[in-house]
Undergrad: 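Attaching a single structure in C-alpha cells format; questions to follow.
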Amino acid sequence: YQRRVHGGQGEAILYEGHEGDCMYFIARGRVAFTVSEANAKYVHKSDMKDRVQVSPGEVLVDVLTSGKYFGERGCIFIERHRCSAFAVTTVQAWKLSKRILVEFLMAKPQWFLQAKAALNARDELFLTVLTIEDLQSCGLFPKNFPTKVLQDIHSQCLKPAIIEATSIVHHQNRHIDHIYYIIKGFIKQPASRNRVGPGWYGINYILEKEKQWPQTMISTTRIDCWILYLDQMRELVRGVIQDMANDTSPTNYRNTHKRDNSDNKGAVAFNYFKCTYVKC
C-alpha cells in the first residue's frame with residue numbers, strides 16, 4: 001500500500017495552496033515547512049532548535065525528522081496545503097496515496113469520522129490566539145467593563161474550533177447560543193454568492209436581540225475560528241452577581257472593581273451589560 005520515495009537536498013515535496021493527494025512517513029532525513037509571509041499568522045510555529053535558510057517571502061514554521069509524518073489533512077479533508085515542504089537533507093520516505101487511505105478508513109465509516117475528529121482536535125490547539133482586545137472588540141462589552149470579568153469570560157467561555165469546508169455552520173431558526181470569531185475562511189448562505197469573512201460573526205443578531213438564526217450558513221472553505229458560548233457567559237455573569245452580593249466570597253468582584261475603577265465606571269458598565277444581556 002505504501003511506496004518508498006527519495007528526495008534530494010532542496011527538493012520540493014509539497015506546495016502551499018495545492019490539493020493533497022498523498023501523505024508521507026519520513027524514514028530518514030529532515031523536511032522543512034514554510035509558509036508565505038501573508039499566511040504566516042495563521043500557521044503555528046514550533047519551537048525549533050534547527051534553523052534552515054529559506055527564500056525571501058517565506059517563513060519557516062517547522063522541521064520534521066524520521067518517524068514523523070505529514071500531508072494527512074489533504075487526504076482526509078477537502079482542503080489545500082497550508083504549507084510548502086522541501087527536503088533539508090536527502091530524504092527517504094514512505095508515500096501513502098489519498099485513495100488507498102480513504103478506502104481503508106471508509107471500510108468502517110466510524111474510523112473516517114474518528115480520524116477527522118482527532119485531526120481537528122489536534123490542530124485546534126494551535127489556532128491563532130484570540131486576545132482580550134479581540135474579545136472586547138465584539139461589541140457586547142461597554143467601555144470600562146470590569147477587566148476581571150472580561151478575563152474570566154475569555155478563559156472560560158471561548159473555545160477554538162475548525163469547521164470543515166462545505167459544512168453547515170448553523171441552521172435557520174435554531175437558538176443562538178454562540179457566536180463566532182473567524183480567523184481564516186469564509187461562510188455564506190447556500191443560495192448566495194455573498195461571503196462573510198474574518199472577524200466577528202453573529203454579534204449583530206445578539207445586539208438586535210434576535211433569539212434565532214435568521215438563515216442557514218455553510219462554510220465555503222475550512223474555517224479556523226473561536227466560538228463564544230453565550231449561555232456559558234451568562235452563567236458566569238450570574239455567578240459574578242452572586243459573588244458581588246456576598247461580601248465573604250473568596251472571589252469578591254466588588255472589591256476588585258473598586259480597585260480597578262475608583263470612579264465606579266466599571267460597576268456602571270457591568271450593570272448595563274447585566275441588564276441588557278443577562279436574565280437573572
Side-chain angles (χ1 to χ4, degrees), residues 41-42 124 127-163 167-189 192 194-244 253-254 256-257 260-280:
K41 62 183 178 180
Y42 303 119
E124 284 168 358
L127 292 186
T128 303
V129 174
L130 185 75
T131 66
I132 293 284
E133 291 73 22
D134 291 329
L135 175 60
Q136 199 160 22
S137 73
C138 74
L140 277 179
F141 309 104
K143 186 178 179 180
N144 299 311
F145 189 82
T147 302
K148 180 65 172 66
V149 184
L150 198 64
Q151 289 172 341
D152 286 349
I153 291 172
H154 182 272
S155 63
Q156 298 178 38
C157 306
L158 279 165
K159 303 294 180 186
I162 294 174
I163 302 174
S167 298
I168 294 177
V169 178
H170 61 73
H171 289 274
Q172 184 178 15
N173 297 328
R174 294 285 179 85
H175 173 60
I176 302 177
D177 59 0
H178 59 275
I179 56 176
Y180 303 84
Y181 184 84
I182 300 174
I183 299 169
K184 186 175 184 180
F186 294 91
I187 63 177
K188 72 180 190 71
Q189 295 181 47
S192 172
N194 297 325
R195 304 188 303 173
V196 178
W200 284 102
Y201 167 70
I203 189 67
N204 54 314
Y205 302 125
I206 301 301
L207 295 175
E208 293 168 5
K209 308 294 180 65
E210 295 284 350
K211 302 296 184 183
Q212 298 176 326
W213 294 108
Q215 68 276 317
T216 296
M217 297 291 279
I218 62 171
S219 55
T220 61
T221 62
R222 163 180 160 174
I223 304 295
D224 291 358
C225 65
W226 286 80
I227 299 177
L228 175 60
Y229 290 94
L230 301 174
D231 290 343
Q232 251 181 278
M233 181 184 70
R234 292 181 182 110
E235 284 301 316
L236 185 148
V237 172
R238 289 187 186 102
V240 172
I241 295 167
Q242 184 61 39
D243 283 347
M244 292 174 68
Y253 285 88
R254 181 183 295 170
T256 301
H257 299 159
D260 292 344
N261 302 279
S262 56
D263 58 358
N264 209 32
K265 289 181 179 179
V268 172
F270 179 79
N271 190 58
Y272 170 82
F273 176 83
K274 175 189 70 173
C275 296
T276 306
Y277 301 113
V278 182
K279 293 182 179 179
C280 301

Undergrad: To the nearest 0.5 Å, how far apart are CG in Asp231 and SG in Cys157?
TA: 10.0 Å
Undergrad: Looking at every non-hydrogen atom in both residues, tell me the closest pair between Pro198 and Phe186 and how far apart they are.
TA: CD-CE2, 4.2 Å
Undergrad: What's the verdict on side-chain contact (heavy atoms from CB on, under 4.5 Å) for Lys159 and Tyr229, showing C-alpha distance, side-chain angles and the deciding distance?
TA: CA-CA 8 Å; Lys159 303 294 180 186; Tyr229 290 94; 3.6 Å; yes
Undergrad: Mind checking side chain to side chain donor-acceptor pair (under 3.5 Å) for Glu235 and listing every partner two or more places apart, or none if nothing turns up?
TA: Arg238
Undergrad: Using modelled atom types only, decide if a donor and an acceptor are shared between the side chain of Trp226 and the backbone of Thr128 within a distance under 3.5 Å.
TA: yes
Undergrad: Return yes if some donor-acceptor pair links the side-chain N/O of Ser192 with the main-chain N/O of Gln189 below 3.5 Å, else return no.
TA: no
Undergrad: Would you compute the distance between atom OG1 of Thr220 and atom CZ of Arg195 and round it to the nearest 0.5 angstrom?
TA: 5.0 Å
Undergrad: Who passes side chain to side chain donor-acceptor pair (under 3.5 Å) against His170, sequence neighbours left out?
TA: Tyr201
Undergrad: For Asp134 and Thr131, run side-chain hydrogen bond (donor to acceptor under 3.5 Å, both in side chains): C-alpha distance rounded to whole Å, both residues' side-chain angles, the deciding distance at 0.1 Å, then the answer.
TA: CA-CA 5 Å; Asp134 291 329; Thr131 66; 3.0 Å; yes
Undergrad: Hey, could you give me the NE2/NZ distance between His175 and Lys211, rounded to the nearest 0.5 Å?
TA: 8.0 Å
Undergrad: Output, in order, the C-alpha distance, side-chain angles, deciding distance and verdict of side-chain contact (heavy atoms from CB on, under 4.5 Å) for Leu150 and Gln136.
TA: CA-CA 8 Å; Leu150 198 64; Gln136 199 160 22; 3.7 Å; yes
Undergrad: Show your working on side-chain contact (heavy atoms from CB on, under 4.5 Å) between Trp200 and Ile179 and close with a plain yes or no.
TA: CA-CA 8 Å; Trp200 284 102; Ile179 56 176; 3.9 Å; yes
Undergrad: Please find the pair of heavy atoms, one from Glu124 and one from Ala161, that lie closest to each other, and give the distance.
TA: OE2-CA, 3.5 Å
Undergrad: Any side-chain heavy atom of Gln151 sitting closer than 4.5 Å to one from Thr147?
TA: yes
Undergrad: Heavy atoms, side chains only, cut-off 4.5 Å: are Leu140 and Met233 in contact?
TA: yes
Undergrad: Are any of the side-chain heavy atoms of Ile153 and Leu236 separated by less than 4.5 Å?
TA: yes
Undergrad: Report yes if some heavy atom in the side chain of Glu133 is under 4.5 Å from a heavy atom in the side chain of Leu135; otherwise report no.
TA: no
Undergrad: Please determine whether side-chain contact (heavy atoms from CB on, under 4.5 Å) holds for the pair Gln232 and Asp177, giving the CA-CA distance in whole Å, both sets of side-chain angles, and the decisive distance to 0.1 Å.
TA: CA-CA 9 Å; Gln232 251 181 278; Asp177 59 0; over 6 Å; no
Undergrad: How many angstroms lie between CG in Leu158 and CG in Leu228, if you round to the nearest 0.5 Å?
TA: 5.0 Å
Undergrad: Quick one: does any side-chain atom of Ser219 pair with a main-chain N or O of Ser167 as donor and acceptor, under 3.5 Å?
TA: yes
Undergrad: How close do His178 and Ile227 get, counting heavy atoms only, and between which atoms?
TA: CB-CG2, 3.6 Å
Undergrad: Just by distance, do the side chain of Thr216 and the backbone of Gln172 share a donor-acceptor pair under 3.5 Å?
TA: yes
Undergrad: Hey, are the side chains of Ile223 and Ile182 touching, using non-hydrogen atoms and a 4.5 Å cut-off?
TA: yes
Undergrad: Report the distance from atom SG of Cys138 to atom CG of Asn204, rounding to the nearest 0.5 Å.
TA: 11.5 Å
Undergrad: Classify the ring geometry between Phe145 and Phe141 as parallel (under 30°), tilted (30 to 60°) or perpendicular (over 60°).
TA: tilted
Undergrad: Can you list everything that forms a side chain to side chain donor-acceptor pair (under 3.5 Å) with Gln215? Sequence neighbours excluded, please.
TA: Tyr205
Undergrad: Rounded to the nearest 0.5 Å, how far does SG of Cys225 lie from CD1 of Ile162?
TA: 8.5 Å
